[in-house]
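Numbering of residues begins at 1 and proceeds along the displayed sequence. Whatever order the structure lists ligands and atoms in, that order sets their numbers, starting from 1.
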Amino acid sequence: MQKIGILGGGQLGRMLLQAAANYPVETFILENDDQCPAAHLCHHFVKGDIRNFDDVYNFGKGLDAITIEIESVNEDALEKLEQEGVRVYPRPAALRTIKNKILQKEFYKEKQIPTSPFIITQNLAELRANASFLPAVHKIGIGGYDGRGVQLLNASDDLPKGFDAPAVLEKMVTIHREISLIIAVNDKNEIAFYPLVDMVVDQRLNLLDYQISPAEVNEKTLWKIEAIALAVVKGLKSAGIFAVELFVDKQGDVFVNETAPRVHNSGHHTIEANYSSQFDMLWRVMLQYPLGNTDAILPAAIVNLVGAEGFEGEAKYQGLEEILAMDNVFVHLYGKKQTKPGRKMGHVTIVSKDKQDLTYKANRIKNILKVVC
Ligand code: ADP
């Protein structure tokens, strides 16, 4: 039986392990927090720091393959493991490119992949010197996550909100739609696209609000999106699962926003709504089985369940019974003991033939279900 490790034990690791139960695989998790969402679903839990070279290297030695559920891992250790024959998904070189938003943007530029124009700023003084580039979005090179490393700079008054660290300053796109496309690539370079996902963002938290799939776009836009996403994964030269996030503007122009080299929040509905979920697919890739069928069984929506404003403490789920009484609604709680405002605590998937039913239920769920304490 193959031994496969996951760096990180959050909700993505948890859902990967749920899918692993269908396959002949021995699973390992490396994570500091032994109460993390994935801890009790793996065969072997190893306590350690995913950012520490020795912890990652010692964890990976002797495994057949290894994957990540978060980008902030020690890629030097992964590189050494790869040299020693451990299969790593994504490849450490691809991870290195993606992990730093500066390198990621330079990669798009070099490969002539459409992305909004940008400049690099090393510190606040350099940002100020480029005030004429506004309106723009400032994105920290390393360490940003869930909107925390991103500042919208509309006018020069906003400049103090920028980062005093190496960052990308990119032109603000007038976003009409935000789309995500999940792609699977196996070791033979075979590729499978999932149907597009429409991402609706909560502007206040700068965090995903709800998502609908398949997104309705015209054929020309679909082709553009698929061609861009294909160029991204070809350029990265790595097997694995990739989520390419794109902006479509009013003119129908498409720009890559960013790529995640792993299973992604925008693919959670694939558990119920697609024949092979993104989690099932990653096991197929890692275990070198044939790719699964990415087709949608039914249209779906995802509502993210985040900690309510003003509540920090032991999580309680208000409205859960009411949600569970609704038809074709699937609740996923991540098992995190503590809630705090904005923390991802779970998600709810709705499936329905009728798109109006999806948005109606998504809004109802957002109003009823709350994580409090
Ligand atoms: P994170 O990695 O934290 O999710 P993103 O790069 O996806 O950060 O940015 C978060 C959000 O900020 C995006 O979903 C989008 O709504 C907005 N945003 C990012 N870049 C731009 C841009 N160039 N123009 C307009 N809005 C942007």
Side-chain angles (χ1 to χ4, degrees), residues 8 10-12 68-73 90 95 97-109 113-121 127 130 132-155 158 161-163 165-182 196-213 215 225 228-229 232 242-268 302 304 306 341-344 347:
Q11 63 267 17
L12 297 172
I68 60 167
E69 62 128 45
I70 186 166
E71 283 86 337
S72 57
V73 298
L95 176 62
T97 302
I98 285 179
K99 192 175 161 180
N100 183 333
K101 287 204 176 183
I102 298 173
L103 297 181
Q104 195 183 140
K105 284 290 274 192
E106 284 172 342
F107 160 77
Y108 299 138
K109 192 172 167 189
I113 293 167
T115 189
S116 70
F118 66 98
I119 49 182
I120 311 295
T121 57
L127 173 63
N130 285 289
S132 61
F133 204 70
L134 270 44
V137 182
H138 208 211
K139 300 184 177 182
I140 198 157
I142 293 179
Y145 191 59
D146 275 354
R148 269 168 285 172
V150 175
Q151 286 294 345
L152 306 185
L153 308 177
N154 285 302
D158 295 326
K161 290 199 277 181
F163 301 103
V168 172
L169 183 66
E170 64 176 51
K171 285 274 186 209
M172 198 170 294
V173 176
T174 312
I175 300 173
H176 176 50
R177 315 267 295 271
E178 286 195 45
I179 300 285
S180 163
L181 173 51
I182 295 178
L196 302 186
V197 178
D198 222 324
M199 305 195 293
V200 183
V201 171
D202 182 328
Q203 293 302 347
R204 196 173 39 92
L205 286 174
N206 217 0
L207 197 71
L208 216 49
D209 198 20
Y210 69 89
Q211 308 163 72
I212 301 238
S213 180
I225 291 173
I228 288 174
V232 171
F242 297 86
V244 183
E245 294 183 42
L246 310 110
F247 299 136
V248 183
D249 70 9
K250 281 250 156 54
Q251 287 80 46
D253 288 329
V254 180
F255 305 90
V256 177
N257 173 25
E258 60 174 355
T259 302
R262 52 168 171 78
V263 287
H264 193 248
N265 196 145
S266 65
H268 291 348
I302 313 171
N304 286 298
V306 300
R343 187 173 194 202
K344 287 181 184 165
H347 73 266

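Numbered from 1 in the order shown, with element, the atoms of ligand 1 that lie under 4.0 Å from a heavy atom of E170 read 20 (N), 21 (C), 22 (C), 23 (N). Each of the following atoms of ligand 1 lies closer than 4.0 Å to a heavy atom of K139: 6 (O), 19 (C), 20 (N). For ligand 1, the atoms lying closer than 4.0 Å to a non-hydrogen atom of M172 are 24 (N), 25 (C).
In summary, the side chains of T174 and K250 do not present any donor paired with an acceptor at a separation below 3.5 Å, with no hydrogens or angles considered. Counting only N and O atoms by type, the side chains of Q11 and H268 include no donor and acceptor under 3.5 Å apart.
The side-chain contact (heavy atoms from CB on, under 4.5 Å) search around I212 returns D198, Y210, A301, K355, L358, T359, not counting sequence neighbours. Listed by chain and residue number, E170, N257 satisfy the side-chain hydrogen bond (donor to acceptor under 3.5 Å, both in side chains) test with K139 (two or more places apart in sequence, or in another chain).
Contact analysis puts F247 in contact with ligand 1, with a non-hydrogen atom separation below 4.0 angstrom. The closest approach between K101 and ligand 1 falls below 4.0 Å for a heavy atom of the residue.
Closest heavy-atom approach to atom 9 (O) of ligand 1 within the set V150, I175, L152, V168: this belongs to V150.
Atom CG of residue N304 and atom CG of residue N265 lie 4.5 Å apart, to the nearest 0.5 angstrom.
Checked by distance only, ligand 1 and R148 stay at 3.5 Å or farther apart across all their nitrogen or oxygen atoms. At least one N or O atom of V173, backbone or side chain, sits closer than 3.5 Å to an N or O atom of ligand 1.
In E178, the part holding a heavy atom less than 4.0 Å from any atom of ligand 1 is the side chain.
None of L153, N154, L152 except one satisfies the side-chain contact (heavy atoms from CB on, under 4.5 Å) rule with L134; the exception is L153.
Applying the 6.0 Å contact sphere to NZ of K109 captures no more than 12 heavy atoms from other residues, nucleotides or ligands.
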